[in-house]
Colleague: 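Here's a structure for you.
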Amino acid sequence: MKLGVVSVQGAFPEHIVSSGKAMRKLGVKGEAKPVRRPADLEGVDAIIIPGGESTTIAKLLWRFGLHQPLVEMAGQGVPIMGTCAGLVLLAKEGDDQVRRTETKLLGLMDMAVDRNAFGRQRESFEAELEIEGLDSPFPAVFIRAPVITRTWGECKVASRYNDNIVMARQGNLLALSFHPELSHDTRLHELLISLVGK
Ligand code: GLN
């Protein structure tokens, strides 16, 4: 198994560590590798788009020619997990900030996002989340987190915090408002790995 972690900006080193742990827990042989150029995507079975600054990550995806291959691989059914800024990039619809900065989203999931929904209230916090498919709460770390304001079509809500949608799934695509790589809980990385070949 080869897991590619988009590593152009943001919290990618932690994702590489968590992905390795998740593979070991599942008894899956393989490794997690950084993706910086299209060639790094060769033979990749699953992809993580980390948190960071969505504007910056989006720009770099274009500059390095990663935007189109990512869209194509998603269409071929390769599982992709976008966390925080990565969630913003997966959305079809951004907010005013996304429009103003002319951020080119990957536009893969039937959902609209608000980039800094919690940021205006609280910079960062932790919360125990009930998540669809997990049998006990997940300790979620939110950092200037976006929320999903609306889903439609094939996109299904997987978790809410208060009234906010903080996780969604659309087939092979997972979007998380929070940073699972910062928890000592690899269940969401395991979920991503379990989607390979489904
Ligand atoms: N609010 C940031 C953005 O939209 C994301 C923050 C994060 O990834 N921790 O770019």
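First listed ligand is number 1; within each ligand, the first listed atom is number 1. No hydrogens, no waters, no symmetry mates; every other heavy atom, side chains included, goes into these values. Residues: numbered from 1 along the sequence shown.
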Colleague: Nearest protein heavy-atom contact for atom 7 (C) of ligand 1: which residue, which atom, what distance?
Modeller: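 Looking at atom 7 (C) of ligand 1, the protein heavy atom closest to it is C84 SG, 2.7 Å.
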
Colleague: Regarding R144 and S124, is there a side-chain donor-to-acceptor distance under 3.5 Å anywhere?
Modeller: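 Checked: R144/S124 side chains show no N/O donor-acceptor pair below 3.5 Å.
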
Colleague: Quick check on contacts: which atoms of ligand 1 are under 4.0 angstrom from a heavy atom of E53?
Modeller: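 So the answer, numbered in order with elements, is 3 (C), 10 (O).
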
Colleague: Of the protein's non-hydrogen atoms, which lies at the shortest distance from atom 5 (C) of ligand 1, and what is that distance?
Modeller: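 Among all protein heavy atoms, the one nearest atom 5 (C) of ligand 1 is G52 O, 3.3 Å.
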
Colleague: Are S136 and R187 linked by a side-chain donor-acceptor pair shorter than 3.5 Å?
Modeller: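 Distance-only check passes for S136 and R187.
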
Colleague: Do T186 and R24 meet the criterion of a side-chain donor-acceptor pair at a distance under 3.5 Å?
Modeller: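 The criterion, which ignores hydrogens and geometry beyond distance, is not satisfied for R24 and T186.
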
Colleague: Among all protein heavy atoms in this structure, tell me which lies nearest to atom 10 (O) of ligand 1, with the distance rounded to 0.1 Å.
Modeller: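 Going by distance alone, atom 10 (O) of ligand 1 is nearest to S54 N, 2.6 Å.
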
Colleague: Of all the atoms in ligand 1, which lie at a distance below 4.0 Å from a heavy atom belonging to G51?
Modeller: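 What qualifies from ligand 1 is 8 (O).
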
Colleague: If we count only N and O atoms by modelled type, under 3.5 Å, do the side chains of S7 and H15 hold a donor and an acceptor together?
Modeller: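 S7 vs H15: no donor-acceptor pair found between side chains.
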
Colleague: Of all the non-hydrogen atoms in the protein, which one sits nearest to atom 1 (N) of ligand 1, and at what distance?
Modeller: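 Answer for atom 1 (N) of ligand 1: N116 OD1, 2.6 Å.
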
Colleague: Distance under 4.0 Å to a non-hydrogen atom of R115: what atoms of ligand 1 satisfy this?
Modeller: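 With R115 as reference, the close atoms of ligand 1 come out as 1 (N), 3 (C), 4 (O), 10 (O).
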
Colleague: Around atom NZ of K2, are there more than 12 heavy atoms of other residues, nucleotides or ligands at under 6.0 Å?
Modeller: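 Count over threshold, so yes.
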
Colleague: Let me confirm one number: the CD-CG distance from Q68 to L61, rounded to the nearest 0.5 Å.
Modeller: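 Going from CD on Q68 over to CG on L61, the span is 11.5 Å.
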
Colleague: Using non-hydrogen atoms of the residue, decide whether H179 is closer than 4.0 angstrom to ligand 1.
Modeller: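 Heavy atoms of H179 do come under 4.0 Å of ligand 1.
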
Colleague: Considering distance alone, does some N or O of P146 sit under 3.5 Å from an N or O of ligand 1?
Modeller: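 Min N/O separation from ligand 1 is not below 3.5 Å for P146.
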
Colleague: Do Y161 and F125 have their ring centres less than 6.0 Å from each other?
Modeller: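 Centroid distance Y161-F125: below 6.0 Å, so yes.
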
